[in-house]
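A short write-up of the structure that comes next.
FYI, the numbering just counts along the sequence from 1. Scope of the values below: all heavy atoms of this structure, side chains included, with no hydrogens, waters or symmetry mates.
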Amino acid sequence: MFKTNRTILLVKVRESIASVLPITLIVFLLCFTIIPIPTDLLMTFVFGVILLIIGMGMFTLGADLSMTPAGEHIGSAVTKSRKLWFIILMCFLVGAIVTISEPDLQVLAEQVPNIPNEVIVFSVAGGVGLFLVIAMLRILFKWKLSYLLIFFYAAVFVLAQFIPKEFLAVAFDSGGVTTGPMTVPFIMALGVGIASIRSDSNAENDSFGLVALCSVGPILAVMLLGMVFQAGGGTYTPVEIPTVETSRDLWRLFSSGIPAYIAEVAKALLPIIAFFALFQIFNLKLKKENIYRISVGFLYTFLGLVLFLCGANVGFMTVGNYIGRQLGALTYNWIVIPVGMIIGYFIVEAEPAVHVLNKQVYEMTSGSIPPKALSRSLSIGVAFSVGLSMLRIIAGLPIMHFLVPGYLAAILLSFFVPPIFTAIAFDSGGVASGPMTATFLLPMSIGVCTASGGDVVSNAFGVVAMVAMTPLITIQLLGLVYKLKSRRSQTETVKEEILVDNEIFEMEENDEQL
């Protein structure tokens, strides 16, 4: 088994290299042209890239071995009970536990002004738990996803009129941040497990859309908190640019952060492992081989996330902030818009949860939705979102000027595309805005905003929300193209059948005349 895992790990690492290499080359291109980067900062970035590649490879392998099968087994076991109260209770607990386990949630809690971190964490966890229950009931009772999305996003935008502007950007950011590398594989697999008890043809398609609904819960939770708590002058902690004089200093910089990330990831994984262990003891009764395989997967997940977070937070955050500050200080700072679009196009490939989504879509659709087409649509969406975010920062425009028409367009498209594309599109919004967005794009936005003299809390925050929004449009446009091609293909098939029938009829007539 270890030999097989080692072989698969090498494949995963090669995929990670292909994902991270483009953004690495862009940073190198910038530092050798318009933005000279100090050598010590560049070396920090390079070391971070190495950790990122290894960590992403180990994490994706671990998710395949542990998070996905564990989620599917629990989902299947919960629905087999046929007790609605038990399904609701278990789904709420799973949603809340997995959300509390999400590392990026602590980052979000630090950003919200004048609300204690614990209040944020438990409110957001409760929001995700509640909406996971709604998502599961949708699968069981075959509720239409687009109607639910219209209702809940309408509620979001109505509430947005009554909360202080200091909470707006962070509230929408929370929807993307809380559906990260811990939440996505587990929740998506849970949906597959619950959908498996349905025998109709749409069951597999309905397993998508869970992340979409779970992204709404945190937004509403933070907005409701914003109505209760008084807003103050939101502050943020500036990113410190480290000084690295020797190779030993470089090692100390990364090694000093590893214990904190070990504790953070352990705190994240332990509730999930404990929840799965209880299910195994009282319900699942899986064979020893399956338990061993899942245990090894959890180990890979743990090690992978520690390395990934260390590489991203130490290596990428500082470079992202530095690049943003230098670009924002240029006399021609408009260049940050095309640069941001290029970075956005490639950085989404480095998000761990994106690979999980691509794999799930490919397997559940039997390859009818090619991963390359999905990835390209996602990249185009994120590129536009980062470009618009940079424009918003430079011009000082309110975030609602972008979110309202964006979500309105996404909802309208849902009436014209196949339902599975709507579900995948809204799932992709949560998946695309993960750790790489939080540790590179957000610091970069803060750097641009600081250098150009903007309000960081109102203008820089919100980039996660923008990244979560635009894939909803681009992937549904992919669905529209897919629908038109399918119709054209069906029309051509019918024409060919008619031609064949005519030829057969003419041949029969000729035979009769003879």
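Counting only distance, with no hydrogens or angles, the side chain of Asn333 and the backbone of Leu327 share no donor-acceptor pair below 3.5 Å. A donor-acceptor pair under 3.5 Å is absent between the side-chain atoms of Thr68 and the main chain of Asp64, judged by distance alone. Not a single donor-acceptor pair under 3.5 Å links the side chain of Thr99 to the backbone N or O of Ala125. The closest donor-acceptor contact from the side chain of Thr474 to the backbone of Ser377 lies under 3.5 Å. Between the side chain of Ser445 and the main chain of Val463, no donor-acceptor pair closer than 3.5 Å is present. When atom types are taken as modelled, the side chain of Asp427 and the backbone of Gly209 share a donor-acceptor pair closer than 3.5 angstrom. Judged by distance alone, with hydrogens and angles left aside, the side-chain atoms of Gln476 form a donor-acceptor pair with the main-chain N or O of Ala410 at under 3.5 Å.
Considering all non-hydrogen atoms of both residues, Ser428 and Pro471 come closest at CB-CB, 4.3 Å. Taking each heavy atom of Ala63 and Thr301 in turn, the nearest pair found is N-OG1, 3.7 Å. Closest heavy-atom contact between Gly340 and Val386: O-CG1, 3.1 Å. The shortest heavy-atom contact between Ile393 and Ser452 is CG2-OG, 4.3 Å. When all heavy atoms of Ala432 and Leu378 are compared, the closest pair comes out as CB-CD1, 4.2 Å. For the residue pair Cys449 and Asn459, the shortest heavy atom distance occurs at SG-CB, 3.9 Å.
Side-chain contact check for Glu15 and Thr60: no donor-acceptor pair (N or O, by modelled atom type) lies under 3.5 Å.
Other residues, nucleotides and ligands place more than 12 heavy atoms under 6.0 Å from the CZ atom of Phe302. Counting non-hydrogen atoms of other residues, nucleotides and ligands closer than 6.0 Å to CE of Met43 gives a total of 12 or fewer.
Contact annotation: the side chain of Met444 approaches that of Met390 to within less than 4.5 Å [non-hydrogen atoms, C-beta and beyond]. Taking the side chain as every heavy atom from C-beta outward, Pro218 and Phe131 never approach each other to under 4.5 Å. Val319 places none of its side-chain heavy atoms less than 4.5 Å from the side chain of Thr44. Looking at Tyr345 and Arg376, their side chains come closer than 4.5 Å, going by heavy atoms from C-beta outward. Ile446 is listed as a side-chain neighbour of Phe461, based on a closest heavy-atom distance under 4.5 Å. Val13 is not listed as a side-chain neighbour of Ile54, based on a closest heavy-atom distance of 4.5 Å or more. Met58 is listed as a side-chain neighbour of Leu9, based on a closest heavy-atom distance under 4.5 Å. Considering only heavy atoms from C-beta on, Leu224 stays 4.5 Å or farther from Val228 through its side chain.
If you look at Phe426 and Phe208, their ring centroids are not closer than 6.0 Å. Aromatic rings from Phe59 and Tyr300 are positioned such that their centres are separated by 6.0 Å or more. Between Phe157 and Phe172, the ring centre distance stays below 6.0 Å.
The aromatic rings of Phe421 and Tyr482 sit tilted, their planes meeting at an angle between 30° and 60°. Between Phe45 and Phe316, the ring planes are tilted. Angles from 30° to 60° get that label.
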Next item on the list: Evaluate the criterion side chain to side chain contact (heavy atoms under 4.5 Å, CB included) for residue pair Leu42 and Cys31; output intermediate values, then yes/no.
Entry: CA-CA 8 Å; Leu42 186 60; Cys31 76; 4.1 Å; yes

Item checked: Step-by-step side chain to side chain contact (heavy atoms under 4.5 Å, CB included) determination, Leu159 to Met227 -> CA-CA 9 Å; Leu159 269 178; Met227 295 175 70; 3.4 Å; yes

Next item on the list: Test side chain to side chain contact (heavy atoms under 4.5 Å, CB included) on Tyr261 and Asn313 and set out the steps.
Entry: CA-CA 10 Å; Tyr261 296 119; Asn313 283 294; 2.9 Å; yes

Margin query: Using side chain to side chain contact (heavy atoms under 4.5 Å, CB included), reason through Ile343 and Ile23 one step at a time and then give a plain yes or no.
Written below: CA-CA 6 Å; Ile343 290 173; Ile23 188 66; 3.5 Å; yes

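Taken to the nearest 0.5 Å, the CG atom of Leu330 stands 7.0 Å off from the CD1 atom of Ile335. Rounding to the nearest 0.5 angstrom, the gap separating the CG atom in Leu309 from the CD atom in Glu264 is 6.0 Å. With rounding to the nearest 0.5 Å, the separation of CG in Leu30 from CD1 in Ile26 is 7.5 Å. Atom CG in Leu51 sits 5.0 Å away from atom CZ in Phe47 (nearest 0.5 Å). Of the inter-residue distances, the one linking Leu478 atom CG with Ile380 atom CD1 reads 9.5 Å to the nearest 0.5 angstrom. Annotation: the span from Leu21 atom CG to Phe28 atom CZ amounts to 10.0 Å, rounded to 0.5 Å.
Qualifying ring-ring contact (aromatic ring centres under 6.0 Å, His included) partners for Phe276, counting only residues two or more places apart in sequence or in other chains: none. By the side-chain contact (heavy atoms from CB on, under 4.5 Å) test, Ser375 pairs with Glu349, Asn358, sequence neighbours left out.
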